Every structure is written in C-alpha cells, then in structure tokens.
Amino acid sequence: MKILYFAWMRGKTGIGEEDVTPPAEVTDVAGLIQWLKTRGPGFEDAFQNMEVVRAAVNQEFVELDAPVKAGDEVAFFPPVTGG
C-alpha cells in the first residue's frame, strides 16, 4: 500500500510518501489511521485532529469507513480551499 502525505502532514510525518504493509486487521481508512498513529509522535500529531484531515483512496475522496487493501494508494491532506 502506498501512503502519500501532503502539505503540513508531510512536515509532521517527515515524509511525503511511503510503502507500508499494515496488519491484516486494517481494513478501512480509520483503521489505517489508527495503525499509522502508533508509528511515532510525528504520525500521532499529524492525525490528532481528524476534522482537518481528508483522505483519498486511489485518487477518490473517501470517508473514514472506506475500505483499503494491499495495492491501494491512500493520500492524506488538509482540506483544500480556493478563492
């Protein structure tokens, strides 16, 4: 599974992208986030306030209950605003 981090999430995690193999019990975005948070203080900080984090699976915006599986690309980013 490829994970992408954008904007300030990249700064907090210290990486822009990575390939991971989460445990088998990770089956949705929420479970993936919970697992990622266990990987260190930067990850815990990046996912501390889920009101300001959005997710996409395979380039489609999704809710936290969206399924994830091996081979997916999951992106995390703050809300996008325009003007």
Side-chain angles (χ1 to χ4, degrees):
M1 181 180 301
K2 179 176 276 195
I3 310 293
L4 305 172
Y5 305 96
F6 291 96
W8 53 260
M9 295 196 72
R10 177 187 302 219
K12 290 183 180 206
T13 62
I15 54 176
E17 69 178 67
E18 64 179 330
D19 290 315
V20 299
T21 306
E25 60 267 14
V26 172
T27 59
D28 61 14
V29 174
L32 177 62
I33 290 168
Q34 290 306 311
W35 177 72
L36 290 169
K37 286 170 69 173
T38 69
R39 298 178 63 224
F43 291 91
E44 188 173 344
D45 189 34
F47 293 103
Q48 181 177 8
N49 182 359
M50 289 308 299
E51 292 180 13
V52 295
V53 174
R54 300 293 178 260
V57 175
N58 300 322
Q59 301 181 5
E60 300 264 342
F61 292 110
V62 297
E63 299 296 326
L64 296 180
D65 61 353
V68 294
K69 63 186 180 317
D72 282 346
E73 176 188 88
V74 182
F76 295 106
F77 47 91
V80 177
T81 60

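Along the sequence shown, residues are numbered consecutively beginning with 1. Computed from a predicted model, the values in this text were never measured in an experiment.
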- Note on the structure: Taken to the nearest 0.5 Å, the spacing of Glu63 CD from Arg54 CZ works out to 8.5 Å
- Message: Side chains of Val62 and Val68, heavy atoms from C-beta outward: is any pair under 4.5 Å?
- Response: no
- Task: Can you measure from CD (Glu73) to CD (Glu17) and round to the nearest 0.5 angstrom?
- Result: 8.0 Å
- Query: Does a side-chain heavy-atom distance below 4.5 Å link Val29 with Phe76?
  - Reply: yes
- Message: The criterion is side chain to side chain contact (heavy atoms under 4.5 Å, CB included); which residues satisfy it with Lys69, sequence neighbours excluded?
- Response: Asp72
- Item | side-chain contact (heavy atoms from CB on, under 4.5 Å) between Val26 and Met1, intermediate numbers included | CA-CA 11 Å; Val26 172; Met1 181 180 301; 5.6 Å; no
- Item | Joint cluster assignment, Phe47 & Leu4, ILVMFWY side-chain distance < 4.5 Å | no
- Message: If hydrophobic clusters are built by linking Ile, Leu, Val, Met, Phe, Trp and Tyr wherever their side-chain heavy atoms come under 4.5 Å apart, do Phe77 and Leu64 end up in the same one?
- Response: no
- Nearest heavy-atom pair of Ala46 and Thr13: which atoms, and what distance? CB-CG2, 3.9 Å
- Nearest atoms (heavy-atom pairs only) where Tyr5 meets Glu18: OH-OE2, 2.7 Å
- Who are the side chain to side chain contact (heavy atoms under 4.5 Å, CB included) partners of Asn49, not counting sequence neighbours? Glu51, Val52
- Check for a donor-acceptor pair, side chain of Asp28 on one end and backbone N or O of Ala66 on the other, with a separation under 3.5 Å. no
- Task: Find the distance between CG (Leu36) and CD1 (Ile3) and round it off to the nearest 0.5 Å.
- Result: 5.5 Å
- May I have the step-by-step check of side-chain contact (heavy atoms from CB on, under 4.5 Å) for Asp45 and Trp8, ending in yes or no? CA-CA 11 Å; Asp45 189 34; Trp8 53 260; over 6 Å; no
